[in-house]
Amino acid sequence: MTPFLKTIRWILWKDLVIELRCRETIASMVFFALIVILIFSFSFSMDQQAAHDVLAGMIWVAFAFTGMIGLGKSFSAELQNDCLEALQMAPVSRGTLYLGKVAANFAFMFVVEILLFPMFVILFNVDVVEDLSLLLVVFSLATAGLAAVGTLFAALTVHIRAREVMLPILLLPMVVPVMIAAVEATKGALNGDPLSLYRPWLELLAIFDVVFTIVSFWMFDFVMDA
Amino acid sequence: MTPFLKTIRWILWKDLVIELRCRETIASMVFFALIVILIFSFSFSMDQQAAHDVLAGMIWVAFAFTGMIGLGKSFSAELQNDCLEALQMAPVSRGTLYLGKVAANFAFMFVVEILLFPMFVILFNVDVVEDLSLLLVVFSLATAGLAAVGTLFAALTVHIRAREVMLPILLLPMVVPVMIAAVEATKGALNGDPLSLYRPWLELLAIFDVVFTIVSFWMFDFVMDA
Amino acid sequence: MTIHRVIRHVQRYQGWVGGGAALCLTVGLYLGLLGSPPDYYQGEVVRIMYIHVPLAHTALLGYTVLAGGSAWYLWKRDPIIDNMCHAVAALSACFTALALLTGMIWGKPTWDTWWTWDARLTSFTVLLLILLGYLMVRTVVDDLDKAARYGAVLAILGFVDLPIIHFSVEWWRTLHQPQSISMRGVSIASGLLAPLVVMSVGMSLLFSYMLMIRTQLLYLNRLLDAKKGRLLHQFHMSKADS
Amino acid sequence: MSMTAISCQHLGKAYGHYQVLHDVNLTLAPGECFTLLGPNGAGKTTLLKILATLQRPSEGHYEMLGMNGQTDRDALRSHFVFLAHSTHVYDDLNARENLAFALALRGQRPTDHDIKMALDRVHIGAFAEMKTRHYSAGMKKRLALARTMLARPRILLLDEPFTALDSDGTAIMRDYIGERLSDNGTVIMATHDPEQARPVTTRAGRLRHGTLQEIALDSCVRRNDGRDMQPDDAFS
Amino acid sequence: MSMTAISCQHLGKAYGHYQVLHDVNLTLAPGECFTLLGPNGAGKTTLLKILATLQRPSEGHYEMLGMNGQTDRDALRSHFVFLAHSTHVYDDLNARENLAFALALRGQRPTDHDIKMALDRVHIGAFAEMKTRHYSAGMKKRLALARTMLARPRILLLDEPFTALDSDGTAIMRDYIGERLSDNGTVIMATHDPEQARPVTTRAGRLRHGTLQEIALDSCVRRNDGRDMQPDDAFS
Ligand code: HEM
Ligand SMILES: Nc1ncnc2c1ncn2[C@@H]1O[C@H](COP(=O)(O)OP(=O)(O)OP(=O)(O)O)[C@@H](O)[C@H]1O
Ligand SMILES: Nc1ncnc2c1ncn2[C@@H]1O[C@H](COP(=O)(O)OP(=O)(O)OP(=O)(O)O)[C@@H](O)[C@H]1O
Ligand SMILES: [Mg+2]
Ligand SMILES: [Mg+2]
C-alpha cells in the first residue's frame, strides 16, 4: 500500500476507534434524525397521504441536518488538546488528510442513513419497492457529495467562533444541487419508476461528486495550511 | 433594586455587551433560519399555496432550530477560559443565574423572531392581518417556553461531550407541546381567526411557561452545583 | 463493607415477587389465550391485547417510579437510589418500546397500518424519546455523580411534561383528523377484563422483579469499582513501601 | 474571627474507581500560607476544586471560616477566590468590563478608580480597553490576579499561580500573597516550584498516595530530581 | 549536513495592526540549544508557531536544514517536532494508540516495544492502556514528550516545556534535550524559568520590542524582579 493510502487508512482508523469506543456520534445522529421527523410531523400536521408526497424531501432534510452533525463533530473533535495543530504539522500532503476525513465522514453518514431508512418506512407506511439497490446507489452518491463539500467546510469553520452555525450556513446553499437531485432520484427509486426517468439526477450527483472532490482536494491546502 | 434583580441584570448586561460587540449570535441565527427555509422549499418543492398551508409549521421549525443555536451558544460561550466555573463559584443563588440566562436567551430569540417574520411574509407572500399584537403574544409565550426549558438543558449539556447534538435531542421532545401550541396559535393569528378559536392553545402555552420556569428554577441548582 | 440494607430487603423479597409474577402471567396467559372468547369484531387478533395493554400500563407505572425516585435521589443523594432510577429507566424504555412494537403488530391486521399519529401512540413515542435521552445522558457523562444528577433532573422535567404532552397531542389530533382510527371508545367486554387485570398485575410484578435484579447488579458493579480502586491503592502502597 | 480558617477532615475523592484523594486532613489558621506539593496526577488540583465548591468530596467533610463546605456553600462562596489554571476571563469583554462583571457577581461594585489601580498594579493598565481575546497567556493571568485583588477574599486558593507569569508577574503575585497573609488571610497554593513559593510559604505539604504529609519548609525546597513517577505516586 | 540548522532573517509578524514580531534574526547550528526569554506577550509563542509552519510570517523568511519555510513546508515538516502548550493528544485514545497514530502520520511505524520503552522512559508506562481523558495535566505532557522521543526529530521547538511537569518530569525533559543536542539536534525553547533551562542551554536570547537580542548565558539566569511590563515591552 502506498504511503498515501496508508495515511488515509490511519485517519479512518483513528476516527472509527474513537467512535467504537464512545459510540456517541452515530447514536446521537440517529436519535437526532428521529426527533427531526417527529417535530416535522407535528409542525406540518402530516397525515399519511401528505407525508407520502413529501417523504423523499423529509428523508433528505433529515439526512442533511444529521450529516451536518457528524461533519461538525469530525473536526471539532480535533480541537481537544489542539490536535488539529498536530494534523497541520504532519508531513503529509493536505489532500491526504482531506481524503481520510472524507472517508470517515462518508462512513458515518452512510451507516446512519441505512439505520434510519427503515424507520421512515414504518412511520410513514411506505410501500417499499423490492429492489433497494438503486436506492443505495442514490444514497451513496448523494452522501458522497455532502461529505466531499462538507468535510472541506467543516475544516474551514472549525476555528471560527460560531462554528456550529457557520457550517450549515455555508454548506447548505452549496449543496442545493445535491439536495434537489437526491430528493428527485429518491422519489423515483421509491416509486419504482424506470431508471431512465431519474437517470439525469444520478448523473448530476455523480458529476457533483467528482467535481467537488477534486476541487476540495486542492482547496484543502489553503484551508488547513496557514 | 434587590441584589437578586441586580445580578440578573448584570448577567443580561454581560451577554448583551458581548453580543453587541461581536454581533454574531443574532446574525448567525437569522442567517441560519433563512437557509433552513431555503432548504425546505427545495426539498418539499412547495408552491405558494402549499407553502401557505404549512407556513406556521415552517415558521416554528425554523424558530426552534434557530433558538437552539442561541441556547447552545449561551452556555458554550461560558466555556472560554472556563468562565462557567467562575459562575459556579459565584456567591449567588443558582436560581438567579438561571433567570439571568433565561432573560438573555429570551431576548436573543425574540429579536431574531421579530427580524425573521417579515422575511416569511415576503418570501411566501402572506396576506398579513392588520392586527399583529396577537401574533406577538403568541411569539412571546412560545419563546418563553422554549427559553425556560432550553436554558436549563443548555446548562445541562454544556459539559457533556456531544453537546451540540445532545441539546436538541433532549430539548425537542420536551417542548413538543410548545411546538404544537405555537403552530396552531400562529395559524389562528395569521388567518385572523377569532381569538376564542385558538385561545386554549395560548392557555396551554402560558401554563407550560409558568410550570417550567418554576420547575427549572429549582432544578438549576442540581445542574450547576457539583 | 456491609451490603446496603435496601439490597438486603430486596434480596429477601425478590423470590416472592418473581414467583408472583410467574403465577399471574401464567394464569393471565391461560385466561387470555384459551379461557376467553375471541372478540366479536377482531377475532383472535384481539389476544395480543393481553400483552400490549399490560406492557403499556407497566411502562407508565415505571415512569412514575422513575420520577419519584429521581426526586428522592436529589433529596438524599444516596447512590443506591440512583442505581434504582437507572434500572427503572432502562426497563421502562424496554417496556415502552415493546408496547409500541406489540401495538404495531396489532395495528397491521386491525387498522391495516403499522403506524398512525394517534395521540396515545405519539405521546408514548415522545415518552420513549425522553427515556432514551435520559439513558444517553447517562452513558455520555463519565462522572457518575454528575450523570445521576443530570438524569434525575431530566426525569423530573419529563414527568411534569408528560400530561401536557398528552393533552396537546390529543387536542392537535381532534383538530386535524376525524377519529377514523382511534384506540378510544373500545368498550371491553367483561369477559376480556379479568385476564387483562391479571396480566397487568403480572406484568407489573415482572417489572418489579427485573428491577430488583437490575438494581442489585448496578449496585454491585459500583461496589466492585470501589473495591478495585481500593485494591489498586493497596497494591501500589505495598509496592511503594518495599 | 475563628482560629481555624480551613479545616479538612478525612477528605476523599474517587473518580470512578480511581481513589485520587484518600484521607486528606488539614487545618489552617488565619495568616498561614500552605504550599501544596506533589507529583503530576497527585490530586492537587482536585483538592483545590473541592475546597472551591467545584466538586464534592466522596468522603469526609471540610469547613472554611466555620462554614460547612457541603451545606453552607452559598455563604462560603463569598469568602474565597480560586485562581485556577484557566483564567475565567471573557475573551470579548475588555479588562475593565471583565472586572466589573466578576465583582458584580460577588455583590461588589468597584469604582473605575479601584479598577484602574488594580490593573496598574499588575502592569496591564495600558491594555484596560483591549478585548482580552488578544491578550497573551501571561496578560490574562495578570488580569485574573487583578480580579482577585479587587475581591479581597479572606481565603485564596491558588493552582500553580506562577505559571505563564514572567519574573515581574511572579513578583507581583508573591507580593500580593504576602499582603493577604499580613492581613490575616489564608492561602493554599499548589505548585511544582517550591523555590518560587518559598518566600511566602509558612507551611508545606506533599500529596502522595492520596494523603497529605506535612513536610518541613527546608526539605520542600530541595528538589528531588530523578525520582520516578509510578502509579502509586499518582493514585493512592 | 549543512552548518546552519535554523536561520531566520528579518522575521516579522503582525496581528491586525499589532506588530508582535518586528525584525527577528537568528542562526543556529546543529547541536545548539537556544533559550528564548521575554516578558508575557513578547511573542515567544508566535515565533515558535511561525517556525512550526503553523503561522506565516508577515515579513522576512526562514530556513530549516536548508529548506525554505515558505515553500518547502511539506518536506520541512518531517524534520521538526513542536511541543506546544497543548499536548496534541486524543482524549479518547489510550497512550499507545495516540503514539501509534501520531507517528503513522509522520510515516513511522514504531513497534509495540518501542512504544513501551518510550512510555516507560517518561514514567507513564503503567497507564499505557488508559484513555488519556483521565490523565492529569502533567501526564499528558509526559505523553507528548514520549511522542517526541519516538519521532526523533532533528529540530525541537519547545514552548514552555517545563510547565505542568514535576521535578521528575523536568529532569526527564532536560535529559532528553541533552541527548538530542549531543546527537547534533537543534533546540529552541521558550521559557520563563531560565534556571530550569540553564543546564542544557548553549545560547540565549530575549525578545523585546519584537526583536531578538542575544544575551549572555550568565545574565539570563539572573532574575530581574520588579521590572514593569509596559506596552512597549510587549508590542514593539
Ligand atoms: C404502534 C403503536 C400502537 C399500535 C399500532 C396500537 C394498536 C392498538 C390496537 C389495534 C388496539 C385495539 C383498538 C381497537 O380495538 O380498536 C389497541 C388498544 C389499546 N392500546 Fe394500543 N397500540 C399502540 C401503542 C399503544 C401504546 C403506546 C399504548 C399506551 C398507552 C397503548 C394502549 C392501548 C390500550 C390501553 C388499548 C386498549 C383499548 C382501550 O382501552 O382503549 N397502545 N392498540
Ligand atoms: N474527571 C476525571 N475523571 C477521571 N480521573 C480524573 C478526572 N480528573 C482528574 N482525574 C485523575 O485524578 C488524578 C489527579 O488529577 P489532578 O489534576 O488533581 O492532579 P494534579 O496533582 O493537579 O496534577 P498536575 O500536577 O499534573 O496538574 C489524575 O491521576 C487524573 O488522572
Ligand atoms: N490571534 C491573535 N490576534 C491578535 N493578537 C494576538 C493573537 N495571538 C497573539 N496575539 C498577541 O501577540 C502578542 C504575543 O503573544 P504570544 O502568545 O506570542 O506571547 P508570549 O511571548 O508567548 O507570551 P506568554 O509568555 O504570556 O505566553 C500578545 O500581545 C498577544 O496579545
Ligand atoms: Mg493540576
Ligand atoms: Mg506563550
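Values below: every heavy atom of this structure, side chains too, minus hydrogens, waters and symmetry copies. Protein chains get the first letters and strands the later ones, always in sequence-line order, with residue 1 at the start of each.
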Between C/T139 and chain A, which part of the residue has a heavy atom less than 4.5 Å away: side chain, backbone, both or neither?
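Neither; nothing under 4.5 Å.
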
How would you list all residue pairs meeting side-chain hydrogen bond (donor to acceptor under 3.5 Å, both in side chains) that involve residues 209-218 of chain C, not counting sequence neighbours?
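Applying side-chain hydrogen bond (donor to acceptor under 3.5 Å, both in side chains) to every pair that reaches into residues 209-218 of chain C, excluding sequence neighbours, yields C/Q11-C/Q216, C/Q14-C/Q216.
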
Looking only at heavy atoms, which two atoms of A/I122 and C/W115 are closest? And how far apart?
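Nearest heavy atoms, A/I122 then C/W115: O-CB, 3.6 Å.
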
Rounded distance [0.5 Å steps], OG1 in C/T125 versus CG in A/L34:
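C/T125 OG1 to A/L34 CG: 10.0 Å, rounded to 0.5 Å.
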
How would you list, by chain and number, every residue that makes a salt bridge (charged side-chain N to carboxylate O under 4.0 Å, His left out) with A/R199, sequence neighbours excluded?
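Scan of A/R199 (salt bridge (charged side-chain N to carboxylate O under 4.0 Å, His left out), adjacent residues dropped) gives A/E203.
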
Greater than 12 external heavy atoms within 6.0 Å of A/F117's CZ
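For A/F117, atom CZ is crowded (more than 12 foreign heavy atoms under 6.0 Å).
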
Over 12 foreign heavy atoms within 6.0 Å of CH2, A/W13
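Buried by this count: over 12 neighbours within 6.0 Å.
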
Pair listing, ring-ring contact (aromatic ring centres under 6.0 Å, His included) test, anchored in residues 76-97 of chain C, at least two apart
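Every pair satisfying ring-ring contact (aromatic ring centres under 6.0 Å, His included) with a residue in residues 76-97 of chain C: C/F95-C/F207.
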
Could you tell me which residues in residues 129-137 of chain C have at least one non-hydrogen atom under 4.5 Å from a non-hydrogen atom of chain A, sorted by residue number?
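Listed by number, the contacting residues are C/L129, C/L132, C/G133, C/M136.
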
